[in-house]
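What follows is one structure encoded as C-alpha coordinates, with my remarks underneath.
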Amino acid sequence: MNSTGDSAGLGSLDEIASSLQGYDPQALPALEVLKFLEQLVKPINETESVGIFQALGRVLACDVISPISVPAHDNSAMDGFAFDGSALMAGQPLALRVVGTALAGKAWQGSVEPGQCVKIMTGAIMPAGLDTVAPQELCQITGVQVLLPAGLLRAGDNRRFCGEDLMAGRPALQQGTVVSAAACGLLASLGLPQVQVMRRLKVAYFSTGDEILSLGQAPREGAVYDSNRYTVFGMLHNLGCEMIDMGVVRDEPALLQQAFVLAAQTADAIITSGGVSVGEADFTKAMMKKLGDVVFWKIAMRPGRPMAVGRLTQEGKSAVLFGLPGNPVAVMVTFLAFVKPALLRMMGSTQTAPLLMRARSQEVLRKKPGRTEYQRGIVSRNAQDELQVVSTGNQGSGVLSSMVQANGLIVLQHTQSSIQIGDWVDVLML
Ligand code: AMP
Ligand code: MG
(Lines give C-alpha, C1' and ligand atoms only; values in the text may rest on other atoms or scores of the structure.)
(Ligands and ions follow the chains in the order given, each with its own letter.)
Protein backbone atom coordinates (compact mmCIF):
# COMPACT_ATOMS: atom_id res chain seq x y z
CA MET A 1 0.00 0.00 0.00
CA ASN A 2 1.39 3.43 -0.71
CA SER A 3 0.47 6.51 1.22
CA THR A 4 0.72 10.12 0.19
CA GLY A 5 -1.42 11.84 2.78
CA ASP A 6 -4.02 11.50 5.50
CA SER A 7 -7.74 12.03 5.45
CA ALA A 8 -7.74 15.52 6.88
CA GLY A 9 -9.57 18.18 4.91
CA LEU A 10 -8.29 21.55 3.87
CA GLY A 11 -9.15 24.53 6.05
CA SER A 12 -10.47 24.91 9.58
CA LEU A 13 -14.22 24.84 10.05
CA ASP A 14 -14.28 28.61 10.58
CA GLU A 15 -12.43 29.12 7.31
CA ILE A 16 -14.85 26.89 5.47
CA ALA A 17 -17.84 28.64 7.02
CA SER A 18 -16.57 32.10 6.11
CA SER A 19 -16.00 31.04 2.49
CA LEU A 20 -19.71 30.21 2.11
CA GLN A 21 -22.31 32.83 1.36
CA GLY A 22 -25.58 32.36 3.20
CA TYR A 23 -23.94 30.20 5.87
CA ASP A 24 -26.28 30.15 8.84
CA PRO A 25 -25.64 27.27 11.23
CA GLN A 26 -29.08 27.82 12.76
CA ALA A 27 -30.99 27.27 9.48
CA LEU A 28 -28.53 25.80 7.02
CA PRO A 29 -29.95 25.01 3.56
CA ALA A 30 -29.21 21.47 2.29
CA LEU A 31 -27.18 22.88 -0.60
CA GLU A 32 -24.88 24.73 1.83
CA VAL A 33 -24.40 21.52 3.81
CA LEU A 34 -23.11 19.83 0.66
CA LYS A 35 -20.81 22.75 -0.17
CA PHE A 36 -19.43 22.74 3.36
CA LEU A 37 -18.77 19.01 3.34
CA GLU A 38 -17.08 19.23 -0.04
CA GLN A 39 -14.51 21.51 1.56
CA LEU A 40 -14.30 19.54 4.79
CA VAL A 41 -13.30 16.25 3.20
CA LYS A 42 -10.80 15.25 0.54
CA PRO A 43 -9.82 11.91 -1.03
CA ILE A 44 -7.73 9.67 1.21
CA ASN A 45 -4.94 9.31 -1.37
CA GLU A 46 -3.79 5.84 -0.39
CA THR A 47 -3.88 3.16 -3.01
CA GLU A 48 -3.30 -0.56 -3.36
CA SER A 49 -3.12 -3.08 -6.14
CA VAL A 50 -5.88 -5.72 -6.07
CA GLY A 51 -6.99 -8.63 -8.19
CA ILE A 52 -9.91 -8.16 -10.52
CA PHE A 53 -12.45 -9.93 -8.26
CA GLN A 54 -11.47 -7.73 -5.32
CA ALA A 55 -11.76 -4.66 -7.52
CA LEU A 56 -15.55 -4.91 -7.78
CA GLY A 57 -17.10 -1.90 -6.01
CA ARG A 58 -13.72 -0.25 -5.41
CA VAL A 59 -12.66 3.15 -6.72
CA LEU A 60 -9.98 3.29 -9.43
CA ALA A 61 -6.91 5.17 -8.22
CA CYS A 62 -5.69 6.06 -11.71
CA ASP A 63 -6.78 5.92 -15.32
CA VAL A 64 -6.53 2.44 -16.82
CA ILE A 65 -4.73 2.74 -20.15
CA SER A 66 -5.51 0.03 -22.69
CA PRO A 67 -2.41 -2.12 -23.25
CA ILE A 68 -4.09 -3.61 -26.33
CA SER A 69 -6.83 -2.77 -28.78
CA VAL A 70 -10.16 -4.53 -28.35
CA PRO A 71 -10.97 -6.08 -30.72
CA ALA A 72 -7.38 -6.66 -31.72
CA HIS A 73 -8.26 -6.97 -35.44
CA ASP A 74 -11.03 -6.03 -37.84
CA ASN A 75 -13.44 -8.94 -37.57
CA SER A 76 -16.82 -10.15 -38.69
CA ALA A 77 -20.00 -9.23 -36.82
CA MET A 78 -21.98 -12.04 -38.53
CA ASP A 79 -21.75 -15.57 -39.85
CA GLY A 80 -21.63 -15.15 -43.63
CA PHE A 81 -19.33 -14.37 -46.53
CA ALA A 82 -16.53 -11.78 -46.48
CA PHE A 83 -15.85 -9.93 -49.71
CA ASP A 84 -14.48 -6.69 -51.15
CA GLY A 85 -17.31 -4.15 -50.81
CA SER A 86 -16.13 -2.14 -53.83
CA ALA A 87 -17.63 -4.93 -55.98
CA LEU A 88 -21.16 -3.91 -54.98
CA MET A 89 -23.04 -2.25 -57.89
CA ALA A 90 -26.21 -0.29 -57.26
CA GLY A 91 -29.31 -2.24 -58.30
CA GLN A 92 -27.36 -5.39 -59.17
CA PRO A 93 -27.02 -8.75 -57.45
CA LEU A 94 -23.51 -9.94 -56.70
CA ALA A 95 -22.25 -13.43 -57.53
CA LEU A 96 -19.29 -14.73 -55.52
CA ARG A 97 -17.35 -17.94 -55.33
CA VAL A 98 -16.25 -19.31 -51.93
CA VAL A 99 -12.49 -19.98 -51.81
CA GLY A 100 -11.95 -20.66 -48.09
CA THR A 101 -13.21 -20.42 -44.54
CA ALA A 102 -12.20 -18.05 -41.73
CA LEU A 103 -13.04 -19.33 -38.24
CA ALA A 104 -13.07 -17.34 -35.00
CA GLY A 105 -9.58 -17.80 -33.57
CA LYS A 106 -8.23 -19.22 -36.85
CA ALA A 107 -7.53 -16.60 -39.52
CA TRP A 108 -7.68 -17.40 -43.22
CA GLN A 109 -4.37 -16.70 -44.89
CA GLY A 110 -4.93 -17.04 -48.63
CA SER A 111 -5.46 -14.25 -51.15
CA VAL A 112 -8.80 -13.40 -52.70
CA GLU A 113 -9.38 -12.48 -56.35
CA PRO A 114 -12.22 -10.33 -57.67
CA GLY A 115 -15.44 -12.34 -57.74
CA GLN A 116 -14.35 -14.47 -54.78
CA CYS A 117 -15.33 -14.53 -51.11
CA VAL A 118 -14.39 -16.27 -47.85
CA LYS A 119 -16.92 -18.02 -45.65
CA ILE A 120 -16.52 -16.33 -42.25
CA MET A 121 -17.77 -16.86 -38.70
CA THR A 122 -18.69 -14.16 -36.18
CA GLY A 123 -15.52 -12.85 -34.52
CA ALA A 124 -13.16 -14.23 -37.19
CA ILE A 125 -10.44 -11.89 -38.44
CA MET A 126 -11.37 -10.23 -41.74
CA PRO A 127 -9.10 -11.65 -44.50
CA ALA A 128 -6.71 -9.08 -46.01
CA GLY A 129 -8.39 -6.85 -48.59
CA LEU A 130 -11.96 -7.74 -47.55
CA ASP A 131 -14.14 -5.21 -45.73
CA THR A 132 -17.76 -6.39 -46.00
CA VAL A 133 -19.70 -9.41 -44.77
CA ALA A 134 -22.85 -10.71 -46.43
CA PRO A 135 -24.87 -12.44 -43.69
CA GLN A 136 -25.56 -16.07 -44.55
CA GLU A 137 -29.34 -15.64 -44.29
CA LEU A 138 -29.38 -12.95 -46.99
CA CYS A 139 -27.55 -15.13 -49.54
CA GLN A 140 -28.67 -17.84 -51.94
CA ILE A 141 -26.07 -20.59 -51.63
CA THR A 142 -25.45 -23.36 -54.17
CA GLY A 143 -22.32 -25.36 -53.39
CA VAL A 144 -19.44 -22.85 -53.60
CA GLN A 145 -21.57 -20.27 -55.44
CA VAL A 146 -23.10 -17.44 -53.40
CA LEU A 147 -25.61 -14.96 -54.79
CA LEU A 148 -26.29 -11.75 -52.86
CA PRO A 149 -29.52 -10.10 -54.06
CA ALA A 150 -29.41 -6.42 -55.05
CA GLY A 151 -29.80 -3.54 -52.59
CA LEU A 152 -29.25 -5.38 -49.32
CA LEU A 153 -25.75 -4.25 -48.32
CA ARG A 154 -23.37 -1.33 -48.40
CA ALA A 155 -19.58 -1.60 -48.44
CA GLY A 156 -18.23 -2.04 -44.88
CA ASP A 157 -21.40 -3.62 -43.48
CA ASN A 158 -21.08 -6.22 -40.70
CA ARG A 159 -17.42 -5.56 -40.04
CA ARG A 160 -16.17 -4.60 -36.57
CA PHE A 161 -13.14 -2.34 -36.53
CA CYS A 162 -9.92 -3.04 -34.67
CA GLY A 163 -10.04 -0.99 -31.45
CA GLU A 164 -13.69 0.02 -31.84
CA ASP A 165 -14.34 -0.95 -28.20
CA LEU A 166 -10.97 0.11 -26.77
CA MET A 167 -7.93 1.55 -28.51
CA ALA A 168 -4.42 0.68 -27.34
CA GLY A 169 -2.83 3.61 -25.48
CA ARG A 170 -6.11 5.36 -24.68
CA PRO A 171 -7.79 5.49 -21.24
CA ALA A 172 -10.27 2.65 -20.98
CA LEU A 173 -11.47 3.55 -17.48
CA GLN A 174 -11.07 6.81 -15.62
CA GLN A 175 -9.64 7.46 -12.20
CA GLY A 176 -12.45 7.86 -9.67
CA THR A 177 -14.73 5.33 -11.33
CA VAL A 178 -16.41 2.82 -9.04
CA VAL A 179 -15.64 -0.55 -10.60
CA SER A 180 -18.92 -2.09 -11.78
CA ALA A 181 -19.56 -5.60 -13.09
CA ALA A 182 -19.15 -4.19 -16.60
CA ALA A 183 -15.85 -2.55 -15.66
CA CYS A 184 -14.58 -5.86 -14.21
CA GLY A 185 -15.36 -7.49 -17.56
CA LEU A 186 -13.67 -4.66 -19.41
CA LEU A 187 -10.50 -5.00 -17.32
CA ALA A 188 -10.51 -8.70 -18.09
CA SER A 189 -10.97 -7.98 -21.82
CA LEU A 190 -7.75 -5.97 -21.65
CA GLY A 191 -5.94 -8.93 -20.09
CA LEU A 192 -5.37 -7.05 -16.82
CA PRO A 193 -5.44 -9.32 -13.76
CA GLN A 194 -4.62 -6.51 -11.27
CA VAL A 195 -5.72 -2.93 -10.91
CA GLN A 196 -4.73 0.02 -8.71
CA VAL A 197 -7.59 1.12 -6.44
CA MET A 198 -8.04 3.44 -3.49
CA ARG A 199 -7.73 1.66 -0.19
CA ARG A 200 -10.99 0.98 1.60
CA LEU A 201 -12.33 3.85 3.66
CA LYS A 202 -12.39 3.02 7.38
CA VAL A 203 -15.54 4.17 9.07
CA ALA A 204 -16.17 3.78 12.80
CA TYR A 205 -19.73 4.12 14.05
CA PHE A 206 -21.61 3.96 17.29
CA SER A 207 -24.96 4.83 18.78
CA THR A 208 -25.35 7.03 21.82
CA GLY A 209 -28.07 7.44 24.40
CA ASP A 210 -28.87 5.88 27.76
CA GLU A 211 -32.28 4.73 26.48
CA ILE A 212 -30.71 2.67 23.68
CA LEU A 213 -30.69 -1.10 24.15
CA SER A 214 -28.34 -3.46 22.38
CA LEU A 215 -29.77 -6.62 20.90
CA GLY A 216 -29.96 -9.32 23.55
CA GLN A 217 -30.71 -6.90 26.37
CA ALA A 218 -34.08 -7.24 28.08
CA PRO A 219 -36.63 -4.58 27.16
CA ARG A 220 -37.31 -2.00 29.86
CA GLU A 221 -39.69 0.90 30.13
CA GLY A 222 -38.67 3.93 28.08
CA ALA A 223 -35.87 2.11 26.30
CA VAL A 224 -35.66 1.32 22.58
CA TYR A 225 -33.57 -1.15 20.68
CA ASP A 226 -30.72 0.32 18.69
CA SER A 227 -31.73 0.33 15.05
CA ASN A 228 -29.42 3.07 13.79
CA ARG A 229 -26.30 0.95 13.99
CA TYR A 230 -27.92 -1.55 11.65
CA THR A 231 -29.15 0.94 9.05
CA VAL A 232 -25.74 2.65 9.14
CA PHE A 233 -24.06 -0.75 8.79
CA GLY A 234 -26.21 -1.52 5.72
CA MET A 235 -25.54 1.81 4.05
CA LEU A 236 -21.78 1.64 4.73
CA HIS A 237 -21.71 -1.94 3.49
CA ASN A 238 -23.33 -0.83 0.23
CA LEU A 239 -20.55 1.73 -0.17
CA GLY A 240 -17.87 -0.90 0.34
CA CYS A 241 -16.38 0.72 3.44
CA GLU A 242 -14.30 -1.06 6.05
CA MET A 243 -16.57 -0.88 9.06
CA ILE A 244 -15.61 -0.55 12.70
CA ASP A 245 -18.70 -1.21 14.81
CA MET A 246 -18.24 0.36 18.23
CA GLY A 247 -21.62 -0.61 19.66
CA VAL A 248 -23.81 1.52 21.88
CA VAL A 249 -21.93 4.01 24.01
CA ARG A 250 -23.60 5.08 27.23
CA ASP A 251 -23.96 8.67 28.18
CA GLU A 252 -20.91 8.90 30.42
CA PRO A 253 -18.05 11.29 29.69
CA ALA A 254 -15.32 8.69 30.24
CA LEU A 255 -16.97 6.16 27.92
CA LEU A 256 -17.73 8.73 25.26
CA GLN A 257 -14.20 10.09 25.40
CA GLN A 258 -12.74 6.60 25.08
CA ALA A 259 -14.96 5.85 22.08
CA PHE A 260 -14.23 9.10 20.23
CA VAL A 261 -10.46 8.84 20.86
CA LEU A 262 -10.30 5.25 19.65
CA ALA A 263 -12.44 6.08 16.61
CA ALA A 264 -10.27 9.07 15.69
CA GLN A 265 -7.12 6.95 15.96
CA THR A 266 -8.39 4.10 13.81
CA ALA A 267 -10.88 5.49 11.29
CA ASP A 268 -11.06 7.99 8.44
CA ALA A 269 -14.61 8.91 9.38
CA ILE A 270 -16.76 8.55 12.48
CA ILE A 271 -20.54 8.31 12.38
CA THR A 272 -22.55 8.65 15.57
CA SER A 273 -26.28 8.86 16.07
CA GLY A 274 -28.18 10.64 18.80
CA GLY A 275 -27.33 13.32 21.28
CA VAL A 276 -26.87 16.27 18.94
CA SER A 277 -30.27 17.94 19.16
CA VAL A 278 -30.92 21.16 21.05
CA GLY A 279 -31.58 20.75 24.73
CA GLU A 280 -29.96 17.34 24.86
CA ALA A 281 -29.09 16.73 28.49
CA ASP A 282 -26.29 14.36 27.60
CA PHE A 283 -22.53 14.61 27.21
CA THR A 284 -22.18 13.73 23.55
CA LYS A 285 -22.09 17.28 22.25
CA ALA A 286 -19.76 18.43 25.00
CA MET A 287 -17.33 15.60 24.24
CA MET A 288 -17.35 16.32 20.51
CA LYS A 289 -16.55 19.95 21.28
CA LYS A 290 -13.82 19.02 23.72
CA LEU A 291 -12.03 16.61 21.37
CA GLY A 292 -12.32 18.31 18.04
CA ASP A 293 -13.16 21.15 15.73
CA VAL A 294 -16.92 20.60 15.46
CA VAL A 295 -19.94 22.67 14.40
CA PHE A 296 -23.51 21.98 15.43
CA TRP A 297 -26.10 22.74 12.79
CA LYS A 298 -29.79 23.08 12.52
CA ILE A 299 -30.36 22.14 8.91
CA ALA A 300 -33.36 23.56 7.05
CA MET A 301 -34.70 20.13 6.29
CA ARG A 302 -37.23 17.54 7.35
CA PRO A 303 -36.60 15.04 8.76
CA GLY A 304 -33.19 15.41 10.38
CA ARG A 305 -32.67 18.98 11.53
CA PRO A 306 -29.79 18.63 14.00
CA MET A 307 -26.39 17.46 12.83
CA ALA A 308 -22.83 17.86 14.07
CA VAL A 309 -19.90 17.92 11.67
CA GLY A 310 -16.22 18.36 12.16
CA ARG A 311 -12.83 16.84 12.61
CA LEU A 312 -11.39 14.99 15.57
CA THR A 313 -7.61 14.88 15.82
CA GLN A 314 -5.72 12.42 18.01
CA GLU A 315 -1.95 12.08 18.00
CA GLY A 316 -1.64 13.76 14.62
CA LYS A 317 -4.27 11.52 13.06
CA SER A 318 -7.55 13.09 12.13
CA ALA A 319 -10.99 11.71 11.33
CA VAL A 320 -14.05 13.42 9.94
CA LEU A 321 -17.00 13.35 12.33
CA PHE A 322 -20.63 13.07 11.28
CA GLY A 323 -22.87 13.37 14.33
CA LEU A 324 -26.28 12.35 13.03
CA PRO A 325 -29.58 12.90 14.79
CA GLY A 326 -31.11 10.06 16.77
CA ASN A 327 -34.37 9.44 14.98
CA PRO A 328 -34.06 6.38 12.77
CA VAL A 329 -35.49 7.93 9.59
CA ALA A 330 -33.48 11.12 10.13
CA VAL A 331 -30.32 9.00 10.37
CA MET A 332 -30.98 7.36 7.02
CA VAL A 333 -32.00 10.59 5.30
CA THR A 334 -29.02 12.63 6.54
CA PHE A 335 -26.73 9.74 5.63
CA LEU A 336 -28.08 9.45 2.08
CA ALA A 337 -28.29 13.20 1.50
CA PHE A 338 -24.99 14.34 3.04
CA VAL A 339 -22.77 11.65 4.50
CA LYS A 340 -22.79 9.36 1.48
CA PRO A 341 -21.59 12.03 -1.00
CA ALA A 342 -18.88 13.05 1.49
CA LEU A 343 -17.72 9.45 2.03
CA LEU A 344 -17.68 8.87 -1.73
CA ARG A 345 -15.47 11.92 -2.10
CA MET A 346 -13.14 10.57 0.59
CA MET A 347 -13.10 7.21 -1.22
CA GLY A 348 -11.84 9.02 -4.31
CA SER A 349 -15.02 8.64 -6.34
CA THR A 350 -15.70 11.36 -8.89
CA GLN A 351 -19.43 10.60 -9.01
CA THR A 352 -20.63 11.71 -5.61
CA ALA A 353 -23.99 13.41 -6.22
CA PRO A 354 -27.03 11.12 -6.17
CA LEU A 355 -28.92 10.88 -9.45
CA LEU A 356 -32.34 12.44 -9.00
CA MET A 357 -35.21 11.30 -11.23
CA ARG A 358 -38.50 13.07 -11.85
CA ALA A 359 -41.88 11.54 -11.12
CA ARG A 360 -45.43 12.86 -11.11
CA SER A 361 -46.88 13.24 -7.65
CA GLN A 362 -50.03 11.16 -7.20
CA GLU A 363 -51.21 13.35 -4.35
CA VAL A 364 -51.11 16.81 -2.84
CA LEU A 365 -47.95 17.23 -0.74
CA ARG A 366 -48.01 20.08 1.76
CA LYS A 367 -44.70 21.91 1.89
CA LYS A 368 -43.39 25.27 3.10
CA PRO A 369 -40.64 27.00 1.11
CA GLY A 370 -37.40 27.48 3.05
CA ARG A 371 -36.52 23.87 3.84
CA THR A 372 -35.79 20.66 1.98
CA GLU A 373 -38.15 17.77 2.70
CA TYR A 374 -37.44 14.13 2.13
CA GLN A 375 -40.63 12.09 2.06
CA ARG A 376 -40.62 8.34 1.74
CA GLY A 377 -42.18 7.42 -1.58
CA ILE A 378 -43.25 4.49 -3.69
CA VAL A 379 -42.27 5.04 -7.31
CA SER A 380 -44.03 3.19 -10.13
CA ARG A 381 -45.15 3.76 -13.73
CA ASN A 382 -48.49 5.24 -14.69
CA ALA A 383 -50.69 4.40 -17.71
CA GLN A 384 -48.75 6.96 -19.81
CA ASP A 385 -45.55 5.10 -18.91
CA GLU A 386 -44.28 8.04 -16.84
CA LEU A 387 -42.77 7.66 -13.39
CA GLN A 388 -45.25 8.46 -10.62
CA VAL A 389 -44.80 8.57 -6.88
CA VAL A 390 -47.01 8.33 -3.82
CA SER A 391 -45.76 8.91 -0.29
CA THR A 392 -45.84 6.10 2.24
CA GLY A 393 -48.33 7.02 4.96
CA ASN A 394 -46.90 8.24 8.26
CA GLN A 395 -43.89 10.48 7.60
CA GLY A 396 -42.78 10.72 11.26
CA SER A 397 -39.01 10.79 11.61
CA GLY A 398 -39.06 7.76 13.86
CA VAL A 399 -41.22 5.60 11.60
CA LEU A 400 -38.66 3.22 10.14
CA SER A 401 -41.33 1.07 8.49
CA SER A 402 -41.91 3.98 6.08
CA MET A 403 -38.30 3.58 4.92
CA VAL A 404 -38.83 -0.13 4.44
CA GLN A 405 -41.92 0.39 2.27
CA ALA A 406 -40.32 3.15 0.23
CA ASN A 407 -38.30 2.54 -2.91
CA GLY A 408 -37.40 6.21 -3.23
CA LEU A 409 -37.19 9.48 -1.37
CA ILE A 410 -39.32 12.32 -2.68
CA VAL A 411 -37.03 15.36 -2.49
CA LEU A 412 -39.03 18.58 -2.16
CA GLN A 413 -36.42 21.24 -2.78
CA HIS A 414 -35.65 24.24 -0.56
CA THR A 415 -37.61 26.86 -2.50
CA GLN A 416 -40.54 24.62 -3.51
CA SER A 417 -43.99 25.08 -2.00
CA SER A 418 -46.91 22.64 -1.93
CA ILE A 419 -47.20 20.09 -4.71
CA GLN A 420 -50.44 19.44 -6.59
CA ILE A 421 -51.55 16.13 -8.08
CA GLY A 422 -49.66 15.54 -11.34
CA ASP A 423 -46.80 17.97 -10.57
CA TRP A 424 -43.29 16.69 -11.25
CA VAL A 425 -41.15 16.10 -8.16
CA ASP A 426 -37.55 14.94 -7.70
CA VAL A 427 -37.03 11.43 -6.39
CA LEU A 428 -33.85 9.81 -5.13
CA MET A 429 -34.16 6.08 -5.75
CA LEU A 430 -33.11 3.90 -2.84
P1 AMP B 1 -31.84 12.22 20.15
O2 AMP B 1 -31.35 12.80 18.86
O3 AMP B 1 -30.76 11.60 20.95
O4 AMP B 1 -32.66 13.21 20.89
O5 AMP B 1 -32.82 11.03 19.77
C6 AMP B 1 -34.02 11.26 19.08
C7 AMP B 1 -34.90 10.04 19.10
O8 AMP B 1 -34.26 8.99 18.42
C9 AMP B 1 -35.20 9.52 20.49
O10 AMP B 1 -36.55 9.09 20.50
C11 AMP B 1 -34.27 8.35 20.62
O12 AMP B 1 -34.76 7.38 21.49
C13 AMP B 1 -34.19 7.83 19.21
N14 AMP B 1 -32.94 7.14 18.99
C15 AMP B 1 -31.72 7.65 19.28
N16 AMP B 1 -30.76 6.77 18.98
C17 AMP B 1 -31.38 5.67 18.49
C18 AMP B 1 -30.93 4.41 18.01
N19 AMP B 1 -29.63 4.12 17.98
N20 AMP B 1 -31.84 3.51 17.58
C21 AMP B 1 -33.16 3.83 17.61
N22 AMP B 1 -33.65 4.98 18.05
C23 AMP B 1 -32.78 5.92 18.50
MG1 MG C 1 -30.63 11.29 23.10
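What's counted below: heavy atoms across the whole structure, side chains too, no hydrogens, waters or symmetry copies. By convention here, the first residue in the shown sequence is residue 1. Counting starts at 1 for both ligands and their atoms, in listed order.
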Subject >> ligand 1 atoms in contact with Gly274 (distance to a heavy atom under 4.0 Å) >> reply: 2 (O), 3 (O)
Subject >> Distance-only side-chain donor-acceptor flag, Arg376 / Thr392, under 3.5 Å >> reply: no
Subject >> Proximal candidate to atom 17 (C) of ligand 1 [heavy atom criterion; set Asp210, Thr272, Asn228] >> reply: Asn228
**OP:** Working to the nearest 0.5 Å, report the span between CZ of Phe260 and CZ of Phe206.
**Re:** 4.0 Å
Original post:
Is ligand 1 under 4.0 Å from a heavy atom in the side chain of Pro328, in the backbone, in both, or in neither?
Top reply: side chain
Original post:
Relative to atom 5 (O) of ligand 1, which among Pro325, Gly326, Ala330 owns the nearest non-hydrogen atom?
Top reply: Gly326
Original post:
Of the backbone atoms (N, CA, C, O) and the side-chain heavy atoms from C-beta on, which set of Ser227 has a member under 4.0 Å from an atom of ligand 1: side chain, backbone, both, or neither?
Top reply: both
**OP:** Could you tell me whether Ile212 and ligand 1 have an N or O pair separated by under 3.5 Å?
**Re:** no
Original post:
Taking atom types as modelled, is there a side-chain donor on Ser391 or Glu363 under 3.5 Å from an acceptor on the other?
Top reply: yes
Original post:
With atoms numbered from 1 as shown, which atoms in ligand 1 lie under 4.0 angstrom from a non-hydrogen atom of Tyr225?
Top reply: 20 (N), 21 (C)
Original post:
Which atoms of ligand 1 have any heavy atom of Ser207 under 4.0 Å away?
Top reply: 19 (N)
Subject >> Where ligand 1 meets Gly275 - atom numbers and elements under 4.0 angstrom, heavy-atom basis >> reply: 1 (P), 2 (O), 3 (O)
Subject >> Worked check of salt bridge (Lys or Arg N to Asp or Glu O under 4.0 Å) between Lys367 and Glu373 >> reply: CA-CA 8 Å; Lys367 156 83 167 59; Glu373 290 192 16; 5.4 Å; no
**OP:** Taking atom CD of Glu137 as the centre, report whether more than 12 heavy atoms of other residues, nucleotides or ligands fall under 6.0 Å from it.
**Re:** yes
**OP:** Check whether any side-chain heavy atom of Ile270 lies under 4.5 Å from a side-chain heavy atom of Val320, and answer yes or no.
**Re:** no
Original post:
Relative to ligand 1, is Arg229 under 4.0 angstrom through side chain, backbone, both or neither, heavy atoms considered?
Top reply: neither
Subject >> Pair Ser361-Gln420, side-chain donor/acceptor within less than 3.5 Å >> reply: no
